[in-house]
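Okay, so here's the structure we're looking at.
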Amino acid sequence: MEISQIIPHIEALIFASDKALNANDVTELINNAFGFLEERITLDQVESALNGIQEKYSTEFYPFELKQSGGGWQFLTKPDFHKTIAQLNGDKFLKRLSNAALESLAIIAYKQPITKGEVEAIRGVNSDYSIQKLLEKELIIISGRNENLPGKPLVYSTSRNFMDYFGINSTEDLPKIKEVLADQIVEATVIKPEDFTDNSVFDQTAALEAEMDAQEDMDTPNAEEETGDFNADEIDAVDADDSAPEQPEQPE
(Lines give C-alpha, C1' and ligand atoms only; values in the text may rest on other atoms or scores of the structure.)
Protein backbone atom coordinates (compact mmCIF):
# COMPACT_ATOMS: atom_id res chain seq x y z
CA MET A 1 0.00 0.00 0.00
CA GLU A 2 1.29 3.43 -0.95
CA ILE A 3 1.91 6.05 1.72
CA SER A 4 -0.66 8.34 0.10
CA GLN A 5 -3.25 5.61 0.65
CA ILE A 6 -2.52 5.03 4.33
CA ILE A 7 -2.35 8.73 5.30
CA PRO A 8 -6.18 9.13 5.57
CA HIS A 9 -6.38 6.01 7.74
CA ILE A 10 -3.65 7.32 10.05
CA GLU A 11 -5.45 10.67 10.36
CA ALA A 12 -8.71 8.90 11.18
CA LEU A 13 -7.06 6.75 13.87
CA ILE A 14 -5.35 9.67 15.60
CA PHE A 15 -8.47 11.83 15.37
CA ALA A 16 -10.74 9.16 16.87
CA SER A 17 -8.36 7.96 19.59
CA ASP A 18 -8.89 9.22 23.16
CA LYS A 19 -5.17 8.84 23.87
CA ALA A 20 -1.91 9.48 22.07
CA LEU A 21 -0.92 6.83 19.53
CA ASN A 22 2.70 6.07 18.73
CA ALA A 23 3.98 4.79 15.39
CA ASN A 24 3.94 1.17 16.55
CA ASP A 25 0.28 1.47 17.59
CA VAL A 26 -0.69 2.94 14.23
CA THR A 27 1.22 0.27 12.30
CA GLU A 28 -0.47 -2.55 14.18
CA LEU A 29 -3.95 -1.05 13.92
CA ILE A 30 -3.74 -0.47 10.17
CA ASN A 31 -2.31 -3.92 9.50
CA ASN A 32 -5.13 -5.44 11.55
CA ALA A 33 -7.69 -3.41 9.61
CA PHE A 34 -6.29 -4.60 6.27
CA GLY A 35 -5.28 -8.08 7.34
CA PHE A 36 -6.44 -9.54 4.07
CA LEU A 37 -3.65 -7.73 2.21
CA GLU A 38 -0.60 -9.75 1.34
CA GLU A 39 1.73 -6.80 1.73
CA ARG A 40 1.74 -5.34 5.24
CA ILE A 41 2.79 -1.76 5.87
CA THR A 42 6.04 -1.18 7.72
CA LEU A 43 6.98 1.06 10.62
CA ASP A 44 9.13 3.19 8.30
CA GLN A 45 6.13 3.84 6.04
CA VAL A 46 4.01 4.93 8.99
CA GLU A 47 6.71 7.25 10.32
CA SER A 48 7.10 8.84 6.86
CA ALA A 49 3.33 9.28 6.68
CA LEU A 50 3.25 10.88 10.14
CA ASN A 51 5.93 13.37 9.13
CA GLY A 52 3.93 14.23 6.02
CA ILE A 53 0.73 14.73 8.05
CA GLN A 54 2.59 16.93 10.53
CA GLU A 55 3.89 19.13 7.72
CA LYS A 56 0.44 19.31 6.13
CA TYR A 57 -1.28 20.67 9.25
CA SER A 58 1.52 23.06 10.19
CA THR A 59 0.23 25.62 7.68
CA GLU A 60 -1.87 28.58 8.84
CA PHE A 61 -4.90 27.21 7.03
CA TYR A 62 -5.61 24.70 9.83
CA PRO A 63 -6.46 25.67 13.45
CA PHE A 64 -4.98 22.40 14.75
CA GLU A 65 -1.75 20.49 14.26
CA LEU A 66 -0.25 17.02 14.68
CA LYS A 67 2.19 16.89 17.58
CA GLN A 68 4.06 14.33 19.62
CA SER A 69 2.64 14.60 23.12
CA GLY A 70 1.78 12.19 25.89
CA GLY A 71 4.00 9.45 24.52
CA GLY A 72 2.54 9.46 21.01
CA TRP A 73 0.85 11.50 18.28
CA GLN A 74 -2.21 13.69 18.80
CA PHE A 75 -4.18 16.38 17.02
CA LEU A 76 -3.92 19.49 19.18
CA THR A 77 -5.42 22.94 18.76
CA LYS A 78 -2.88 25.64 17.99
CA PRO A 79 -2.16 28.16 20.78
CA ASP A 80 -3.85 31.02 18.89
CA PHE A 81 -7.22 29.33 19.42
CA HIS A 82 -6.92 28.38 23.10
CA LYS A 83 -9.02 31.31 24.32
CA THR A 84 -11.77 30.44 21.87
CA ILE A 85 -11.89 26.82 23.03
CA ALA A 86 -11.91 27.94 26.66
CA GLN A 87 -15.48 29.19 26.10
CA LEU A 88 -16.64 25.57 25.82
CA ASN A 89 -15.48 24.45 29.25
CA GLY A 90 -15.28 27.71 31.17
CA ASP A 91 -13.20 27.73 34.34
CA LYS A 92 -12.51 24.01 34.08
CA PHE A 93 -10.41 24.61 30.97
CA LEU A 94 -8.32 27.27 32.70
CA LYS A 95 -8.01 25.49 36.05
CA ARG A 96 -4.47 25.30 37.33
CA LEU A 97 -2.73 23.05 39.83
CA SER A 98 -2.07 24.51 43.27
CA ASN A 99 1.48 25.37 44.28
CA ALA A 100 1.51 22.47 46.74
CA ALA A 101 0.39 20.03 44.04
CA LEU A 102 2.97 21.38 41.61
CA GLU A 103 5.73 20.98 44.18
CA SER A 104 4.76 17.37 44.86
CA LEU A 105 4.38 16.63 41.15
CA ALA A 106 7.79 18.12 40.34
CA ILE A 107 9.46 16.03 43.04
CA ILE A 108 7.78 12.85 41.79
CA ALA A 109 8.66 13.65 38.17
CA TYR A 110 12.38 14.09 38.90
CA LYS A 111 12.78 11.48 41.66
CA GLN A 112 10.40 8.72 40.48
CA PRO A 113 9.75 6.13 41.60
CA ILE A 114 9.40 7.74 45.04
CA THR A 115 7.42 7.16 48.22
CA LYS A 116 5.12 9.68 49.89
CA GLY A 117 7.48 9.82 52.86
CA GLU A 118 10.37 10.81 50.62
CA VAL A 119 8.23 13.52 49.00
CA GLU A 120 7.34 14.89 52.45
CA ALA A 121 10.99 14.79 53.53
CA ILE A 122 11.93 17.01 50.60
CA ARG A 123 8.97 19.39 50.95
CA GLY A 124 9.07 19.49 54.74
CA VAL A 125 5.27 19.29 55.05
CA ASN A 126 2.52 16.67 54.90
CA SER A 127 1.68 15.80 51.29
CA ASP A 128 -1.34 13.51 51.68
CA TYR A 129 -3.79 15.95 50.08
CA SER A 130 -1.50 16.91 47.20
CA ILE A 131 -0.75 13.32 46.25
CA GLN A 132 -4.42 12.38 46.50
CA LYS A 133 -5.35 15.20 44.11
CA LEU A 134 -2.63 14.19 41.68
CA LEU A 135 -3.95 10.64 41.71
CA GLU A 136 -7.50 11.89 41.08
CA LYS A 137 -6.30 13.93 38.11
CA GLU A 138 -4.40 10.84 36.89
CA LEU A 139 -1.15 12.79 36.68
CA ILE A 140 0.62 10.20 38.81
CA ILE A 141 0.13 6.47 39.32
CA ILE A 142 1.02 3.92 41.98
CA SER A 143 3.83 2.00 40.32
CA GLY A 144 4.57 -0.52 43.08
CA ARG A 145 6.09 -0.76 46.55
CA ASN A 146 9.51 -0.10 47.97
CA GLU A 147 10.56 -3.51 49.26
CA ASN A 148 13.63 -2.11 51.03
CA LEU A 149 11.82 0.25 53.42
CA PRO A 150 9.91 -0.73 56.55
CA GLY A 151 6.25 -1.37 55.80
CA LYS A 152 6.98 -1.56 52.07
CA PRO A 153 5.37 1.83 51.27
CA LEU A 154 3.78 2.61 47.93
CA VAL A 155 5.89 4.31 45.30
CA TYR A 156 4.59 6.85 42.81
CA SER A 157 5.50 7.70 39.22
CA THR A 158 4.16 10.07 36.58
CA SER A 159 1.51 8.83 34.17
CA ARG A 160 0.99 9.21 30.42
CA ASN A 161 -1.58 11.87 31.27
CA PHE A 162 1.22 13.80 32.95
CA MET A 163 3.11 14.00 29.65
CA ASP A 164 -0.10 14.91 27.85
CA TYR A 165 -0.92 17.62 30.43
CA PHE A 166 2.45 19.31 30.03
CA GLY A 167 2.81 18.69 26.30
CA ILE A 168 5.91 16.52 26.45
CA ASN A 169 6.61 13.16 24.83
CA SER A 170 8.61 11.59 27.67
CA THR A 171 10.16 12.48 31.02
CA GLU A 172 13.43 13.05 29.17
CA ASP A 173 11.86 16.21 27.75
CA LEU A 174 11.68 17.75 31.24
CA PRO A 175 14.06 20.67 31.82
CA LYS A 176 17.34 19.62 33.33
CA ILE A 177 17.92 20.74 36.93
CA LYS A 178 21.15 22.48 35.91
CA GLU A 179 19.29 24.45 33.24
CA VAL A 180 16.66 25.60 35.74
CA LEU A 181 19.28 26.68 38.26
CA ALA A 182 21.26 28.49 35.56
CA ASP A 183 18.18 30.56 34.65
CA GLN A 184 17.84 31.64 38.28
CA ILE A 185 21.38 33.03 38.56
CA VAL A 186 21.25 36.80 38.78
CA GLU A 187 24.23 39.13 38.60
CA ALA A 188 25.00 41.13 41.72
CA THR A 189 23.81 44.73 41.65
CA VAL A 190 26.20 47.47 42.76
CA ILE A 191 24.28 49.81 45.02
CA LYS A 192 25.44 53.39 45.39
CA PRO A 193 24.20 55.86 48.04
CA GLU A 194 22.68 58.09 45.38
CA ASP A 195 20.65 55.17 44.08
CA PHE A 196 18.51 55.00 47.19
CA THR A 197 19.06 58.39 48.92
CA ASP A 198 17.50 61.57 47.69
CA ASN A 199 19.75 64.62 47.47
CA SER A 200 17.20 66.53 49.51
CA VAL A 201 18.14 64.33 52.49
CA PHE A 202 21.73 65.53 52.26
CA ASP A 203 20.51 69.12 52.13
CA GLN A 204 18.32 68.60 55.19
CA THR A 205 21.21 66.98 57.07
CA ALA A 206 23.55 69.87 56.27
CA ALA A 207 20.93 72.41 57.41
CA LEU A 208 20.40 70.50 60.67
CA GLU A 209 24.13 70.41 61.38
CA ALA A 210 24.37 74.16 60.78
CA GLU A 211 21.48 74.79 63.15
CA MET A 212 23.11 72.65 65.86
CA ASP A 213 26.41 74.53 65.47
CA ALA A 214 24.59 77.83 65.86
CA GLN A 215 22.85 76.57 68.99
CA GLU A 216 26.17 75.50 70.52
CA ASP A 217 27.58 78.98 69.90
CA MET A 218 24.64 80.52 71.75
CA ASP A 219 25.03 78.18 74.72
CA THR A 220 28.83 78.81 75.14
CA PRO A 221 29.46 81.51 77.85
CA ASN A 222 31.31 84.74 76.90
CA ALA A 223 34.55 84.90 78.90
CA GLU A 224 34.61 88.69 78.98
CA GLU A 225 31.03 89.05 80.24
CA GLU A 226 31.29 86.49 83.08
CA THR A 227 34.91 86.97 84.29
CA GLY A 228 35.70 90.53 83.26
CA ASP A 229 38.76 91.74 81.39
CA PHE A 230 41.80 89.57 81.68
CA ASN A 231 45.05 91.52 82.53
CA ALA A 232 48.13 89.34 82.91
CA ASP A 233 50.33 92.18 84.32
CA GLU A 234 47.97 92.92 87.22
CA ILE A 235 47.66 89.26 88.15
CA ASP A 236 51.46 88.88 88.15
CA ALA A 237 51.84 91.95 90.40
CA VAL A 238 49.32 90.62 92.93
CA ASP A 239 50.99 87.23 92.94
CA ALA A 240 54.37 88.92 93.54
CA ASP A 241 53.06 90.86 96.57
CA ASP A 242 51.46 87.74 98.10
CA SER A 243 54.61 85.69 97.73
CA ALA A 244 57.01 88.34 99.21
CA PRO A 245 58.30 87.63 102.81
CA GLU A 246 56.66 89.56 105.62
CA GLN A 247 58.83 92.60 106.72
CA PRO A 248 59.03 93.72 110.42
CA GLU A 249 57.50 97.01 111.20
CA GLN A 250 59.99 99.92 111.55
CA PRO A 251 59.86 102.05 114.74
CA GLU A 252 58.75 105.56 114.28
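Since this is a predicted model, take the numbers as computed values, not measurements.
Ile131 and Tyr129 fall into different hydrophobic clusters, where Ile, Leu, Val, Met, Phe, Trp and Tyr are joined by side-chain heavy atoms under 4.5 Å apart, directly or via other members. Cluster membership check: Ile141 does not share its hydrophobic cluster with Leu134, using side-chain heavy-atom separations under 4.5 Å among Ile, Leu, Val, Met, Phe, Trp and Tyr. Linking Ile, Leu, Val, Met, Phe, Trp and Tyr whenever their side-chain heavy atoms come within less than 4.5 Å leaves Leu76 and Phe61 in two separate clusters.
Annotation: Glu28, atom CD; neighbour count of heavy atoms from other residues, nucleotides and ligands within 6.0 Å does not exceed 12. Within 6.0 Å of atom CZ in Phe81, more than 12 heavy atoms from other residues, nucleotides or ligands are found, so the atom counts as buried in its surroundings. Other residues, nucleotides and ligands place more than 12 heavy atoms under 6.0 Å from the CD atom of Glu136. More than 12 heavy-atom neighbours from other residues, nucleotides or ligands sit within 6.0 angstrom of CZ on Phe64.
Residues Ile140 and Leu135 are in side-chain contact: their nearest non-hydrogen atoms beyond the backbone lie under 4.5 Å apart. In this structure the side chain of Ile7 never reaches within 4.5 angstrom of the side chain of Lys56, judged on heavy atoms. The side-chain heavy atoms of Arg123 and Ser104, taken from C-beta on, include a pair separated by under 4.5 Å.
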Would you tabulate the side-chain donor-acceptor contacts of residues 65-72 under 3.5 Å, counting partners in other chains and residues two or more places apart, or write 'none'?
none

Contacts table for residues 148-162: side-chain donor-acceptor under 3.5 angstrom, sequence neighbours left out:
{"residue": "Lys152", "atom": "NZ", "partner": "Glu147", "partner atom": "OE1", "Å": "3.2"}
{"residue": "Ser157", "atom": "OG", "partner": "Ser143", "partner atom": "OG", "Å": "2.9"}
{"residue": "Thr158", "atom": "OG1", "partner": "Gln112", "partner atom": "OE1", "Å": "3.2"}
{"residue": "Thr158", "atom": "OG1", "partner": "Gln112", "partner atom": "NE2", "Å": "3.0"}
{"residue": "Ser159", "atom": "OG", "partner": "Glu138", "partner atom": "O", "Å": "2.5"}
{"residue": "Ser159", "atom": "OG", "partner": "Leu139", "partner atom": "O", "Å": "3.2"}
{"residue": "Ser159", "atom": "OG", "partner": "Asn161", "partner atom": "N", "Å": "3.3"}
{"residue": "Ser159", "atom": "OG", "partner": "Phe162", "partner atom": "N", "Å": "3.3"}
{"residue": "Arg160", "atom": "NH2", "partner": "Ala20", "partner atom": "O", "Å": "3.2"}
{"residue": "Asn161", "atom": "ND2", "partner": "Glu138", "partner atom": "OE1", "Å": "3.0"}

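Checking side-chain atoms of Ser127 against main-chain N and O of Ser130 turns up no donor-acceptor pair under 3.5 Å. A donor-acceptor pair is defined here as one N or O able to donate and one able to accept, closer than 3.5 Å; no such pair exists between the side chain of Asn51 and the backbone of Ser48. Between the side chain of Gln45 and the main chain of Ile3, no donor-acceptor pair closer than 3.5 Å is present.
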One pair to check against side-chain contact (heavy atoms from CB on, under 4.5 Å): Val119 and Glu103. What are the steps and the verdict? CA-CA 9 Å; Val119 173; Glu103 288 178 5; over 6 Å; no

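For Ala109 against Leu174, the heavy-atom pair with the smallest separation is CB-CD1, 4.0 Å. Pairing each heavy atom of Phe166 with each of Leu102, the nearest pair is CZ-CD2, 4.4 Å. Nearest heavy atoms, Val46 versus Ala23: CG1-O, 3.9 Å.
The OG1 atom of Thr77 sits 15.0 Å away from the OH atom of Tyr62 when rounded to the nearest 0.5 Å. The structure places OG1 of Thr115 at 12.0 Å from CZ of Arg145, a figure rounded to the nearest 0.5 Å. Between Lys133 atom NZ and Leu97 atom CG the span is 11.0 Å, to the nearest 0.5 Å. With rounding to the nearest 0.5 angstrom, the CD1 atom of Ile53 is 6.0 Å from the CZ atom of Phe75. Residue Leu43 holds its CG atom at 12.5 Å from CZ of Arg40, rounded to the nearest 0.5 Å. Trp73 CH2 to Glu47 CD: the interatomic distance, rounded to the nearest 0.5 Å, is 9.0 Å.
In terms of the side chain to side chain donor-acceptor pair (under 3.5 Å) criterion, Lys78 has no residue partners (sequence neighbours excluded).
With Ile10 as the partner, the side-chain contact (heavy atoms from CB on, under 4.5 Å) test is satisfied by one option alone out of Ile41, Leu21, Val26: Val26.
Ring planes of Phe34 and His9: perpendicular class, angle over 60° (limits at 30 and 60°).
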